[in-house]
Structures are given as C-alpha cells and as structure tokens.
Amino acid sequence: MRYLFQGDSITDCGRGDYGNPYATGCGYPRLLEADLMAQDGDCEVMNCGISGNRVVDLLARWKRDCLNLKPDVITILIGVNDVWHEFGNHDGVSVPLFEEVYRILLRETFAALPQTRLILMGAYVMPGPATTPDWDVFSGEVAARREVTRKLAEEFGLTYVDLQEAFDEAQKKFPVQRWTGDGVHPTAAGHEVIAEAWKKAAGV
C-alpha cells in the first residue's frame, strides 16, 4: 500500500526536502508512517504537504505531487490557509471557489486513479494568538470550509475525518495549550490527536 498525505504546514511539519515525497517531516504523517510500516511489510508512506498552501495551490501541483505518484490512499487536509491568508495579505479563497477547486481535485483524481481511496480531513481551529483576535470570523470561515469538505466526502462516498470534533474532545481533557501553540499548528500532542482520528476513521 502506498499512502500519500497532502496539505499545508500542518501536514508539511518540517519535511524540508520538497523534492522527496518520502521525507515525511515530524508531524502526524511521521506518526502514521511508524504505525503503518510496523503493520505492513509492503507499505510506503509519502508526504507532499507544503507550508502555506491553499486549495488552489494543491490544484496547481496536483499532477506532479499526487497523480504521478500513483498512491493507493490519498489523505487531504486543507482549508485553514484559505481563511488565514485573507487576514494577512487578502489572498484567501472564498467558500464557493474552495468548493469548486476541491471538487476539481477529486474529479481529476478519480479520472486518473479510479481505484485509489481518498480520505478527507476537515479543517479545524482552536483558540490561540493567531485566531483569538478575530475569533468569530476566523472560526466561522473555517467551519464553512469544513462543511464543504464534509459535503464533498458525502457526495463522492469518501471517508471523512472530523478533526474539529477530535480537538474539541481533546480540550475537555487538557487545556488548549497542550494541543496547539497558536490556534492552528498542532503541538506534538496535537499531531497525535490527528493521527489517532485518522486511524479511527480509516479503520487502521
């Protein structure tokens, strides 16, 4: 089985060598790589997340960093930068465009790789220095893109991972600072939350 994880900095997590998909970084893909490779002798894990990416950036590199790699399982986590970039440099991606581009990604994937399994993870947000100043707008906009992701998963018959629910549950156990430093990027414990949510949804 060849697993590919796609997304932004949450997935990237310091993988560094963007020319090497087997450089899995130090986040949840690395945790899942350890688990998956310990279980399956014929297993490869790849990470093509790139910091700062929005859904439109995924589309621009989808053939090179996804279709050409011919994975058996593709996991996508995208959406927070489509909101966050609007606050910093007015370069966000609107909800309708987010949905349209995401649907193109899925359609192109099924056309090229009809046997490949796709797992969609919903974007999440927590209170933190990057999110609290504009919390109502930030959390609402992320929720809108999360709903698009959930809807597309249902429409295409895909596995959906509700990371917001996973982090909401985690915050009942320990304060938010245990899971994120800024409201977006996970701590080591936060990456474990993502990995465990993925395994539960994926049936691994």
Side-chain angles (χ1 to χ4, degrees), residues 5-13 27-29 48-62 66 74-109 118-156 158-172 175-187 189-191 193-195 197-198 201:
F5 294 91
Q6 270 286 4
D8 51 37
S9 57
I10 299 168
T11 302
D12 178 341
C13 201
Y28 75 88
C48 285
I50 295 182
S51 182
N53 268 196
R54 304 154 299 160
V55 72
V56 291
D57 301 304
L58 289 190
L59 180 61
R61 60 186 182 83
W62 201 244
C66 182
I74 302 167
T75 299
I76 306 171
L77 172 55
I78 201 71
V80 71
N81 285 327
D82 300 78
V83 176
W84 203 354
H85 283 205
E86 186 64 25
F87 287 99
N89 51 17
H90 306 291
D91 194 25
V93 177
S94 69
V95 173
L97 183 57
F98 179 83
E99 179 172 350
E100 182 176 350
V101 174
Y102 211 144
R103 184 174 275 106
I104 291 170
L105 285 179
L106 300 178
R107 190 171 66 237
E108 290 295 304
T109 302
L118 278 91
I119 299 174
L120 309 187
M121 300 206 288
Y124 65 88
V125 65
M126 291 178 278
T131 61
T132 301
D134 299 290
W135 176 254
D136 288 344
V137 176
F138 207 129
S139 61
E141 290 294 319
V142 170
R145 287 153 185 81
R146 181 168 61 250
E147 176 58 21
V148 166
T149 306
R150 186 204 60 75
K151 183 175 74 172
L152 289 173
E154 183 176 323
E155 178 182 325
F156 283 85
L158 310 177
T159 300
Y160 175 70
V161 186
D162 192 335
L163 293 183
Q164 188 66 58
E165 180 179 73
F167 278 113
D168 288 347
E169 285 299 312
Q171 290 173 73
K172 295 176 183 178
V176 67
Q177 294 80 8
R178 177 67 61 92
W179 313 112
T180 179
D182 60 6
V184 172
H185 297 97
T187 60
H191 279 286
V193 169
I194 297 174
W198 185 93

Can you check whether [Y]'s main-chain N or O pairs, donor with acceptor, with [X]'s side chain at less than 3.5 Å?
X	Y	value
D82	V93	no
R150	D162	no
R54	D91	yes
Y102	L97	no
T131	M126	yes
T187	R178	yes
W179	F167	no

Could you tell me how the ring of F138 sits relative to the ring of F87: parallel (under 30°), tilted (30 to 60°) or perpendicular (over 60°)?
parallel
Using 30° and 60° as the class boundaries, would you call the ring planes of Y28 and H191 parallel, tilted or perpendicular?
parallel
Under a 4.5 Å cut-off applied to non-hydrogen side-chain atoms, are [X] and [Y] in contact?
X	Y	answer
F156	L118	no
R145	V55	no
V193	P186	no
L106	E155	no
I78	D8	yes
W84	E141	no
L152	L158	no
D57	N81	no

At what distance, to the nearest 0.5 angstrom, does [atom1] of [X] lie from [atom2] of [Y]?
X	Y	atom1	atom2	answer
N53	L77	CG	CG	11.5 Å
H185	I10	NE2	CD1	6.0 Å
F5	I194	CZ	CD1	11.0 Å
R146	L120	CZ	CG	14.0 Å
W62	T109	CH2	OG1	5.0 Å
C66	I76	SG	CD1	6.5 Å

Show your reasoning for whether salt bridge (Lys or Arg N to Asp or Glu O under 4.0 Å) applies to E154 and K151.
CA-CA 5 Å; E154 183 176 323; K151 183 175 74 172; over 6 Å; no
Do other residues, nucleotides or ligands put more than 12 heavy atoms under 6.0 Å from the CD atom of E147?
yes
Side chain to side chain contact (heavy atoms under 4.5 Å, CB included) between R61 and C48: does it pass, once the steps are laid out?
CA-CA 10 Å; R61 60 186 182 83; C48 285; 4.0 Å; yes
Considering all heavy atoms, the nearest V125-Q164 contact:
N-OE1, 2.9 Å
Tell me the closest heavy-atom pair linking P133 and G128, and the distance in Å.
CD-O, 4.1 Å
